[in-house]
Amino acid sequence: MMRIDILTIFPEFFTEVFDFGIIRRAREAGIVEIGVTDIRDFAADKHRKTDDRPFGGGEGMVMKCEPIFLAVEDLLGTAEREEYPAGTRVVLLTPQGRPLDQALVKDLSDEDGRILIICGRYEGIDERVSEALVTDEISIGDYVLSGGEPAAVVMTDAIIRLLPEALGNESSAERDSFSDGIFDFPNYTQPRNFRGMEVPEVLLGGNHAEIEAWRREKAIDKTRKIRKDLIEGAAVEDPPIKK
Ligand code: 6GU
């Protein structure tokens, strides 16, 4: 079983977010266990302060290192990165991290693994957390969130759905957008005509080779239009001839 622990100053943020769909089923099936730890429970002072003003001056507050060290020590029984048991990752979610992509998700998705996810807040977090605790600093994209909590949900979802037996349809992850480096092909279902918008003829014909070719062409077309950078990195042969 995989174990994911989220360290946050807003534990209530996660009360229902993991109770739906694939994540709920994976938890119920014992494929993954998710724990949420309130960093504030490890604040030593009587005001339970988890942040303070930055040394050197400047705007905003900085998350203190001690409560985070104590929380990680409590969960793992050690604070030394070198001593983590094999398969343990301590992730700091921060806009200054390595961008999360499907390859990194796959790397993190270990059916017997253990991941601690530290949600950064405010203007920053004491650098000693990165220096001594963290194995991976990760960002979910080039935009700024007010905290790592939404990113923790994103990352957790992406990891869990890749665990063996998490998906109802075993082959779905193989067919994912991005598993071959480009977008998924467009899908249609009933009705064949919706307000004058027709389902493409080729999909109704039952010619599987033709359907396959059409889907690949559409997937490449759409990827090229929206994410040219993906086409350059993907194993995509000749551009399809435009009709
Ligand atoms: Cl992980 N945290 C914050 N605060 N902002 C982000 C992010 C993370 N990833 C992208 N923007």
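When a ligand or atom number is given, it counts from 1 through the structure's own listing order. The structure presented is a predicted model; accordingly, all values stated were derived computationally and were not measured. Residue numbers start at 1 and run along the sequence shown.
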Could you find the nearest protein heavy atom to atom 10 (C) of ligand 1 and give me its residue, atom name and distance? Gly141 O, 3.0 Å

Residues, nucleotides or ligands: over 12 heavy atoms within 6.0 Å of Glu232 CD: yes

Quick check on Ile138 - does any of its heavy atoms sit under 4.0 Å from an atom of ligand 1? yes

Is there a heavy atom of Gly120 sitting under 4.0 angstrom from any atom of ligand 1? no

Answer with side chain, backbone, both or neither: which part of Thr94 has a heavy atom less than 4.0 angstrom from an atom of ligand 1? backbone

Flag if over 12 foreign heavy atoms under 6.0 Å of OH, Tyr143: yes

Give the residue and atom name of whichever protein heavy atom lies nearest to atom 4 (N) of ligand 1, and the separation in Å to one decimal. Leu145 O, 3.0 Å

Is any side-chain heavy atom of Glu137 closer than 4.5 Å to one of Ser130? yes

Identify, for atom 2 (N) of ligand 1, the protein heavy atom at the shortest distance, and state residue, atom and that distance. Pro95 CD, 3.5 Å

Check for me, please, whether Phe42 and Val129 land in the same ILVMFWY cluster - side-chain distances under 4.5 Å, paths through other members count. no

Numbered in order shown, the ligand 1 atoms found under 4.0 Å of a heavy atom of Ile140 are 9 (N), 10 (C)

Is the shortest heavy-atom distance from the side chain of Ile182 to the side chain of Arg227 under 4.5 Å? no

Atoms of ligand 1 under 4.0 Å from any heavy atom of Ala151, numbered from 1 in the order shown, are 1 (Cl)

For Asp41, is there an ion pair with Arg48 - N to carboxylate O distance below 4.0 angstrom? yes

